[in-house]
Chemist: 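Would you mind keeping the following structure in view while I ask a few things?
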Amino acid sequence: MTTSTGAKSAAETTDPGNWTNRLRGRIEGLVPPGEALPDRQPIYVASWIYVFGVLTLSSLAVVILSGCVLAVGGVQWWHVSSLGHYVNSVHLWSVELFFGFMVIHLWGKFWMAAWRGKRAMTWVSGVLLFGISIGTSFTGFLSQTNFSAQWIAGEGKDGINSTGAGAFFNVLNPGQMLLWHVVLLPLVVVLIVLIHIIQVRRHGVVPPLDADLEG
Amino acid sequence: MMKSLSIVAEGPGRYIHWGVIQISVANLVIIVAMIILFVLALIVPFPSGHDEETDQERRQK
């Protein structure tokens, strides 16, 4: 690492051999200028059907925040504390809303063929997110530390093991399932959410079929 | 109230059987509610604010 001032530093900032410069250029080029946090949207976005993506994101924020509070109390906190029970319920119902809003978002985007206009990766990342979210909620149900979790694990083991995934994803191991639920899968979900949002901001919100501006 | 709610949540649940289709009443109610919400989102007018412009118009500026 070098430090400098004046004209030399300006030259350094454009040096393509510097990985920091290359990374900065990549980050700056992720979305067109001004599109990262736009304050205006196309007129066709003024419809309730375009709200469900943001509602899904808002639910995810509540899911993560309530999950963080549950992590402080511990996995069995909700069995012995009314506050823990309340936070657990907030976590559960925000997940229910997350999936409900996400599925309505999916219906809306499917019926407007949202993969048009070079938006295939936006669609694909959304599909991936849907699948991984189901896996994340599955590990959540396995982490309830009650008979329901035991029953789900008992019913699910043969199906999971028949795929070979049981070698590193053992549904009968509540400790492993809890760590998948609170560390690994949330990281993947948040990463794909970021990719999905970048794709949306990069290509713009898809117009309705009868208002396709791209021809 | 809490006790009655917990009975609802922990009961065996009521199921509807229609040929090969079998679905719990709770799941059916949620699916119908989501479809109603979806239809409402399409037909209920969105409160419009200040003058909007199309994406194309904006990018041409």
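Just so it is clear, the model here is predicted, and its values are computed rather than measured. Here is how names work: the chains are called A, B, and so on, in the same order as the sequence lines, proteins then strands, and each is numbered from 1.
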Chemist: State whether the number of non-hydrogen atoms from other residues, nucleotides or ligands found under 6.0 Å of A:Leu23 atom CG is greater than 12.
Modeler: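 Above 12, so yes.
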
Chemist: Once you round to the nearest 0.5 Å, how far does CH2 of A:Trp107 lie from CG of B:Leu37?
Modeler: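 A:Trp107 CH2 to B:Leu37 CG: 9.0 Å, rounded to 0.5 Å.
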
Chemist: Select one option (side chain, backbone, both, neither) describing which atoms of B:Ile35 are under 4.5 Å from chain A's heavy atoms.
Modeler: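 Both the backbone and the side chain of B:Ile35 come within 4.5 Å of chain A.
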
Chemist: With a sphere of 6.0 Å drawn around CZ of B:Phe46, does it hold more than 12 non-hydrogen atoms of other residues, nucleotides or ligands?
Modeler: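 More than 12 heavy atoms, drawn from other residues, nucleotides or ligands, come within 6.0 Å of this atom.
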
Chemist: Got more than 12 heavy atoms from elsewhere within 6.0 Å of CZ, A:Phe141?
Modeler: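 Not buried by this count: 12 neighbours or fewer within 6.0 Å.
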
Chemist: Might you point out which heavy atoms bring A:Ser47 and B:Ala41 nearest each other, and give the distance in Å?
Modeler: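 Nearest pair, atom of A:Ser47 first, then B:Ala41: OG-O, 3.9 Å.
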
Chemist: Counting only heavy atoms closer than 4.5 Å, note whether A:Val45 contacts chain B via side chain, backbone, both or neither.
Modeler: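 Contact with chain B: none, neither part.
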
Chemist: If you take all heavy atoms of A:Ile104 and B:Met34, which pair is closest and at what distance?
Modeler: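 For A:Ile104 and B:Met34, the tightest heavy-atom pair comes out as CD1-O, 3.7 Å.
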
Chemist: Quick check on side-chain contact (heavy atoms from CB on, under 4.5 Å): which of A:Phe52, A:Trp48, A:Trp111 does B:Phe38 satisfy it with?
Modeler: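 Exactly one option meets the side-chain contact (heavy atoms from CB on, under 4.5 Å) with B:Phe38, and it is A:Trp111.
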
Chemist: Sequence neighbours left out, what passes side-chain contact (heavy atoms from CB on, under 4.5 Å) with A:Val54? Give chain and number order.
Modeler: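 Residues passing side-chain contact (heavy atoms from CB on, under 4.5 Å) with A:Val54: A:Ser58.
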
